[in-house]
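Before any comments, here is the structure.
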Protein chains: 2
Amino acid sequence: MRASASQARLIEAAPVFAALGDPARLTLVSRLCSEGPLSIVRLTEGAQMSRQAVTKHLNALSDAGLVHSERSGRERVWQLRPRRIDEVRRYLDQISLQWDAALDRLRDLVEDG
Amino acid sequence: MRASASQARLIEAAPVFAALGDPARLTLVSRLCSEGPLSIVRLTEGAQMSRQAVTKHLNALSDAGLVHSERSGRERVWQLRPRRIDEVRRYLDQISLQWDAALDRLRDLVEDG
DNA sequence: CGTATATGCAACCAGGAGGTTGCATATGTC
DNA sequence: GACATATGCAACCTCCTGGTTGCATATACG
């Protein structure tokens, strides 16, 4: 596995990180975690912003593949996509692995030189 | 562990995710991973932006605790803080755990009801 | 049908993010 | 000291983000 290949894969994670990088959105994710699938109105209760703002954040999370929704009667119910979370975790594992490998190479350089 | 407590901890991760949520910054992180500590000029080579822009991104990563720097002669050398990466990974573990717990609760509700 | 609820959509607005350029400062080298 | 290199700092600009409000639409319910 070349560094450039794994780097290209890592860069794909940027939109996901960006989606998680907002306190309001992280709060929504957390609530969907602890309370399960919820409608927009339910998610707006307790969130200190308008329903429309909540919808915007949910769409941002959806674009990143972190949540998905389904219309149910006159409600739209949102829930998490845990798979995507696991993918992000694997991205971070990749960073750690690359870092460990870099440390090894540096050590070898010192020893060889 | 109450949900509100773990949620509060999760929200603290937002700035770290935001720092990783930019392709340019993820590229810098990746390069520091694969090439080890680098000066600003070295990091600017290959990055398609000015040295000052690179510095801004490095400062953003630094604010999030993901990198740190040290002056060495007339250079400033930047390197990763792998500990912070591990912390973020633990945040994601927390999301997954909460999600699994939520699924269990939902299943119990169905069975009990 | 009429009414209340839940959502969708669009216009609008302030502030910050990400980029640039220009210039000042610090360090290495001769 | 003179010169080249590496960085720091500030002003400036553009665009996107995150928020709002207002109104339209869809569904439940009597």
Item to complete: Test for a donor-acceptor pair under 3.5 Å between the base of C/dG22 and the side chain of B/Q52, counting only N and O atoms.
Response: yes
Practice prompt. Specify the separation, in whole Å, of atom CG of B/L43 and atom P of D/dG8.
Written response: 12 Å
Response to the item:
Separation of C/dG19 atom C1' from B/N59 atom CG, nearest Å, is 15 Å
Worksheet, complete the sentence: B/R76 CZ to C/dG28 P, in whole Å, measures 14 Å
Practice prompt. Can you spot which of A/V88, A/L61, A/D63 makes a side-chain contact (heavy atoms from CB on, under 4.5 Å) with A/V16?
Written response: A/V88
Item to complete: Would you mind checking if A/R89 and A/D86 are paired as a salt bridge, meaning a charged N to carboxylate O distance below 4.0 Å?
Response: yes
Fill in: Which residue lies more 5' along DNA chain D, comparing B/W78 with A/G73 via nearest heavy atoms
B/W78
Item to complete: Would you kindly compare B/R71 and A/M49 by the position of their nearest DNA chain D nucleotide and give the one closer to the 5′ end?
Response: B/R71
Worksheet item: A/D22 side chain: which of D/dG18, D/dG19, C/dA6 is closest?
Response: D/dG18
Practice prompt. Would you kindly give the CZ-to-P distance between B/R42 and D/dT7, to the nearest whole Å?
Written response: 11 Å
Item to complete: Supply the atom-to-atom distance B/S62 OG to B/R81 CZ, rounded to the nearest 0.5 angstrom.
Response: 7.0 Å
Item to complete: Remember a base hit wins even if backbone is also touched, and classify A/R25 as base, sugar-phosphate or nothing at under 4.0 Å, heavy atoms.
Response: sugar-phosphate
Fill in: Phosphate-side-chain proximity, A/S50 and D/dG19, N/O vs OP1/OP2 below 4.0 Å
no
Item to complete: Can you measure from OG1 (A/T55) to CD1 (A/I40) and round to the nearest 0.5 angstrom?
Response: 4.0 Å
Worksheet, complete the sentence: Taken to the nearest whole Å, CG/B/L58 to P/C/dG18 is 13 Å
Discussion item. Distance check needed: C/dA6 C1' versus A/R74 CZ, whole Å only.
Written reply: 6 Å
Discussion item. Rounded to whole Å, please give me the gap between CD in A/E45 and C1' in C/dA6.
Written reply: 12 Å
Item to complete: Ignoring hydrogens and angles, answer whether the base of D/dG8 and the side-chain atoms of B/R51 contain a donor-acceptor pair closer than 3.5 Å.
Response: yes
Worksheet item: Would B/T44 and B/R51 count as having a side-chain donor-acceptor pair, cut-off 3.5 Å?
Response: no
Practice prompt. Take the protein atom NZ of B/K56 and the nucleotide atom P of D/dA11, then report the distance between them rounded to whole Å.
Written response: 12 Å
